[in-house]
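First the structure, in the form of C-alpha cells, and then the observations on it.
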Amino acid sequence: MTAAPLRVGNFSGFYGDRFSALREMLDGGEVDVLTGDYLAELTMLILARDRLKDPSAGYARTFLRQLEDTLGRAHDKGVRIVTNAGGLNPAGLADAIRELAGRLGVPVRVAHVEGDDLTARHPGSLAAHAYLGGFGIAACLRAGADVVVTGRVTDAALVTGPAAAHFGWKPTDHDRLAGAVVAGHVLECGAQATGGNYAFFAEGGATRPGFPLAELHEDGSSVITKHPGTGGLVDVGTVSAQLLYETAGARYAGPDATARLDTVRLTQAGPDRVRIDGVRGEAPPPDLKVGVNRLGGFRNEVVFVLTGLEIPSKAALVRNQMRAYFAESGARPAEVGWDLARTDRPDASTQETASALLRLVVRDPDPEKVGRALSGAAVELALSSYPGFHVLAPPGKGTPYGVFEAARVAQDAVEHVAVLPDGRRVPVPAAQDTAVLHPVPEPPLPEPLPPGPVRRAPLGLVAGARSGDKGGDANVGVWARTDDAWRWLAHELTVERFRKLIPEARTLPVTRHTLPNLRALNFVVEGILGAGVAAQARFDPQAKALGEWLRSRHADIPEVLL
C-alpha cells in the first residue's frame with residue numbers, strides 16, 4: 001500500500017526569524033510536521049559565547065517562547081515539531097520543553113538527538129560540531145515523539161528524518177532520500193522559497209510572504225507550496241533561487257545521501273505549486289562535515305566621513321595620519337584594512353549624498369592594540385585632519401571576533417544517538433554504503449543564440465541570482481527565466497566574464513558549475529569572505545547581496561531578450 005503524502009512545513013529559517021511563523025503555520029492549513037531551522041555558522045559561535053557565560057545555555061531560547069502559545073495547538077492538531085534549536089545543548093532544551101509542557105498541562109512526548117558535539121576533539125575551539133543526518137530524528141519519531149530537538153544536523157535532515165520515519169525508507173534508498181534532501185534544502189530558509197529575498201520581488205507580493213511547505217511522496221518527489229491566502233509566491237523561479245543558495249556543483253553531498261542537482265526537474269503544477277521530481281541520489285560520502293568555531297582575536301573599526309571636494313586626497317591624509325600613529329606608538333595591529341566607499345555625488349543636493357565613507361578595520365590578538373588607544377588616536381584627529389572631519393560613531397573598545405573552519409570526520413567516528421521520549425538511548429548506525437565524491441563532468445552547453453543586435457543593459461534584466469556564504473567562500477547562483485536567455489547566459493557568463501563583472505574575484509579561485517535542468521550557473525568564489533562571517537572581512541560579510549551586485553553590472557545583451 002502506498003503511504004499518504006507527508007506535509008512538512010517550515011516556521012524558521014534562522015535564529016531571529018518571524019516569531020509568529022509557528023502560530024501562522026499551525027493555523028493556516030493542514031500540515032503533518034513543522035520544522036524550524038535556527039542554526040548557521042555564525043549562530044553556533046553566538047550560542048558558544050552564551051554557553052561560556054552560562055553552562056546551562058547554548059540553545060535558541062526564542063523557540064521556547066514560541067512554544068508558549070503553540071504547544072497545545074500543535075498537540076491538538078497532531079502536528080509534530082522537529083527543530084535544531086537545541087544548538088549546543090539539545091538535552092537542555094528538551095528538558096526545558098518538558099518543564100514548559102508540564103506547566104501548560106500539555107502531554108507531549110519530547111525526544112532529542114546527540115552526538116554532534118566534537119569540541120573536545122578540537123582543542124582551542126569554542127564549538128566544533130559534526131553535521132548529522134536525519135536517521136536519529138527518524139528514530140525519535142518512530143518511538144512516538146511529538147517534539148524532536150537536535151543540535152547540529154544538516155538543514156535538510158529536518159526533512160529527511162520525518163520522511164524516512166513516515167515512509168519507512170532505509171539508508172540505502174538513495175534516490176528517495178535525495179528527493180527529500182532537495183525538498184529540505186528548499187524549505188530550510190523559510191520565506192526565501194516563497195518570494196523572500198527574490199530577484200524579481202516586485203512580481204510576488206513580498207510584503208509578508210508566507211512560509212513554505214512540501215508535500216512529500218513515497219518515491220521522493222515533492223510539491224513545494226504554501227498555505228492558501230498567505231503572501232508571496234511559489235514558482236519555478238523562487239524554487240530555483242533557493243536550490244542555488246549555498247550550493248555548488250552537480251553533487252550536493254550530505255550524511256543521508258548525495259543529491260544530484262543536475263537531475264532535478266521543476267514543473268509549475270498550479271498556482272503556488274512547484275513539483276520537484278527526477279532527483280537521483282548517490283551514497284553519501286564516508287565522512288561528515290565538522291563546523292569549527294574559534295576566537296580569532298579582537299577587532300575595531302572607525303568610519304571617517306569625507307565630504308565634498310578632493311575625496312581621494314582627504315582619504316590619503318587620514319591614512320597617513322593613522323599610519324604615523326601606528327609607527328610612533330609601536331602598537332600597529334596585526335591587520336589594518338582601509339576601504340573607501342565612493343557614495344558621494346558631484347553637485348549633490350544633500351550633505352549625505354555629497355559624502356564618501358572611509359572605513360578603517362583593525363584586528364589583533366591583543367585587545368589593547370585595537371582598543372581605546374586606537375580609538376583615541378582617531379578621535380584626536382578631530383581638529384587636525386581634513387576639512388569637515390567627523391566619524392559615523394565614536395569608536396569604542398575592541399570586540400572579539402570568530403573564525404569558522406570546516407573539518408571532516410569519519411561517519412563511524414561519531415556517536416550519533418537518539419534519546420527517545422522514555423529516556424532510552426538508541427545508537428544510530430553510520431551509513432555503511434558510502435562513496436567518495438568525484439567531480440561530475442561538465443554537461444554540454446545549449447546552442448548559442450544566432451548573432452543579432454545587442455544593447456548595453458544590466459544583466460538582471462534577463463537573469464536572476466542568489467548568493468550566500470560557506471565559511472570563507474561565497475557562491476553566486478545565476479539562472480535564466482527562458483530557454484533563449486539560457487542559451488545566451490551559458491555562453492556569455494564565463495569565469496573570465498564573471499571576474500570582470502566582480503572585480504573582487506579577479507585574483508581568487510572561481511569555479512563555474514553548469515546546471516542545465518535549472519537553466520543555471522553556479523559560481524563558487526574561494527576566500528572572498530576571509531575567515532568567514534564572524535570575522536567580517538568585507539562590507540557584505542555573508543555575500544548576501546553579491547548576486548544583486550552581479551545583476552546590476554552591464555553586459556551586451558541581445559535585443560531579442562529585452
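- One N or O on the side chain of S467 and one on the backbone of K544 form a donor-acceptor pair closer than 3.5 Å.
- The ring pair (Phe, Tyr, Trp, His ring centres under 6.0 Å) pairs that include a residue from residues 111-144 number zero, where partners must be two or more places apart or lie in different chains.
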Worksheet item: Would L459 and L489 count as a side-chain contact (heavy atoms from CB on, under 4.5 Å) if you check the C-alpha gap in whole Å, the side-chain angles of each, and the deciding distance to 0.1 Å?
Response: CA-CA 9 Å; L459 179 65; L489 184 72; 4.2 Å; yes

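- Inspection of the T119 and D117 side chains reveals an N or O donor paired with an N or O acceptor under 3.5 Å.
- Residues forming a ring-ring contact (aromatic ring centres under 6.0 Å, His included) with F11 (at least two apart in sequence, or on another chain): none.
- Residue pairs meeting the salt bridge (Lys or Arg N to Asp or Glu O under 4.0 Å) criterion with at least one member in residues 163-183, sequence neighbours excluded: D175-R280.
- A distance of 11.0 Å separates OG of S125 from CG of L45, quoted to the nearest 0.5 Å.
- Judged purely by atom type and a 3.5 angstrom limit, R7 has no side-chain atom pairing as donor or acceptor with the backbone of L213.
- H416 contributes atom NE2, which lies 8.5 Å from atom CG of D116 (distance to the nearest 0.5 angstrom).
- F63 places a side-chain heavy atom less than 4.5 Å from the side chain of L93.
- With values rounded to the nearest 0.5 angstrom, S12 atom OG is found 6.5 Å from D37 atom CG.
- With sequence neighbours left out, E188 forms a side chain to side chain donor-acceptor pair (under 3.5 Å) with H185.
- Residues L521 and W486 are in side-chain contact: their nearest non-hydrogen atoms beyond the backbone lie under 4.5 Å apart.
- With sequence neighbours left out, Q192 forms a side chain to side chain donor-acceptor pair (under 3.5 Å) with N197, Q242.
- Partner P90 forms a side chain to side chain contact (heavy atoms under 4.5 Å, CB included) with one of V149, V419, V113, V148 and no other, that one being V149.
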Item to complete: Show your working on side-chain contact (heavy atoms from CB on, under 4.5 Å) between L266 and V236 and close with a plain yes or no.
Response: CA-CA 6 Å; L266 302 180; V236 169; 4.2 Å; yes

Output a table of donor-acceptor pairs, distance under 3.5 Å, between side-chain atoms of residues 150-157 and any protein atom two or more places apart or on a different chain; print 'none' if there are none.
residue	atom	partner	partner atom	Å
R152	NH2	D155	OD1	3.1
T154	OG1	A157	N	3.2

Item to complete: Report the C-alpha distance between R499 and E496 in whole Å, list the side-chain angles of each, state the deciding distance to 0.1 Å, and finish with yes or no for salt bridge (charged side-chain N to carboxylate O under 4.0 Å, His left out).
Response: CA-CA 5 Å; R499 284 197 174 107; E496 293 71 24; 5.1 Å; no

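- Annotation: side chain of T230 is not in contact with side chain of F211 (no heavy-atom distance under 4.5 Å).
- Rounded to the nearest 0.5 Å, atoms SG (C140) and CZ (R80) are 10.0 Å apart.
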Fill in: Derivation of the salt bridge (charged side-chain N to carboxylate O under 4.0 Å, His left out) call for E246 and R466
CA-CA 9 Å; E246 295 182 344; R466 179 165 287 165; over 6 Å; no

Worksheet item: salt bridge (charged side-chain N to carboxylate O under 4.0 Å, His left out) between E215 and R273: does it pass, once the steps are laid out?
Response: CA-CA 10 Å; E215 298 170 358; R273 294 179 63 83; 2.9 Å; yes

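- Ionic pairing of K470 and D473 is not present here: no N-O contact between side-chain nitrogen and carboxylate oxygen is shorter than 4.0 angstrom.
- Within the 4.5 Å cutoff, side-chain heavy atoms of Y15 are placed close to those of L47.
- Residue pairs meeting the side-chain hydrogen bond (donor to acceptor under 3.5 Å, both in side chains) criterion with at least one partner in residues 137-147, sequence neighbours excluded, are R109-D146.
- Partners of N475 under the side chain to side chain donor-acceptor pair (under 3.5 Å) rule, at least two apart in sequence or in another chain, are N522.
- The shortest distance between side-chain heavy atoms of V33 and V79 does not fall below 4.5 Å.
- Side chain of E41 to main chain of G471: a donor-acceptor pair is present (N/O by atom type, distance under 3.5 Å, no hydrogens or angles).
- Taken from CD in E504 to CG in L529, the straight-line distance is 9.0 Å, to the nearest 0.5 Å.
- Side-chain N/O atoms of T160 and D256 include a donor and acceptor closer than 3.5 Å.
- Note that the CD1 atom of I528 and the CD1 atom of I502 stand 7.5 Å from one another [nearest 0.5 Å].
- Applying the side-chain hydrogen bond (donor to acceptor under 3.5 Å, both in side chains) rule to pairs touching residues 282-296 yields R251-E282, R260-E282, D287-R408, R294-E405, sequence neighbours excluded.
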Discussion item. L243 vs T247, test: side-chain contact (heavy atoms from CB on, under 4.5 Å). Steps then yes/no.
Written reply: CA-CA 7 Å; L243 281 176; T247 59; over 6 Å; no

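- Under the ring pair (Phe, Tyr, Trp, His ring centres under 6.0 Å) criterion, the residue pairs touching residues 511-541 are F498-F523, with sequence neighbours excluded.
- For the pair P212 and A191, the tightest heavy-atom approach, listed with the atom from each and the gap, is CD-N, 4.1 Å.
- The ring-ring contact (aromatic ring centres under 6.0 Å, His included) check on Y198 picks up F200, with sequence neighbours excluded.
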Worksheet item: Given E492 and R497, is the salt bridge (charged side-chain N to carboxylate O under 4.0 Å, His left out) satisfied, shown in steps?
Response: CA-CA 7 Å; E492 168 68 15; R497 186 73 176 130; 3.0 Å; yes

For residues 430-449, run the donor-acceptor check on the side chains, cut-off 3.5 Å, and write out each pair with its distance to 0.1 Å, sequence neighbours left out.
residue	atom	partner	partner atom	Å
Q432	NE2	A430	O	3.0
E442	OE1	T514	N	3.4
E442	OE1	T514	OG1	2.7

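- Put simply, the side chain of Y38 does not reach to within 4.5 Å of the side chain of F14, judged on heavy atoms.
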Fill in: Audit row: V274, T267, side-chain contact (heavy atoms from CB on, under 4.5 Å) steps and yes/no
CA-CA 6 Å; V274 173; T267 308; over 6 Å; no

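- With salt bridges taken as basic N to acidic carboxylate O contacts below 4.0 Å, one links D272 and K226.
- Proximity of a side-chain donor or acceptor of W169 to a complementary backbone N or O of E218 within less than 3.5 Å is detected.
- Distance alone, capped at 3.5 Å, is enough to place a donor-acceptor pair between the T83 side chain and the G36 backbone.
- At least one side-chain heavy atom of L26 sits less than 4.5 Å from a side-chain heavy atom of L34.
- Residues I97 and L67 are in side-chain contact: their nearest non-hydrogen atoms beyond the backbone lie under 4.5 Å apart.
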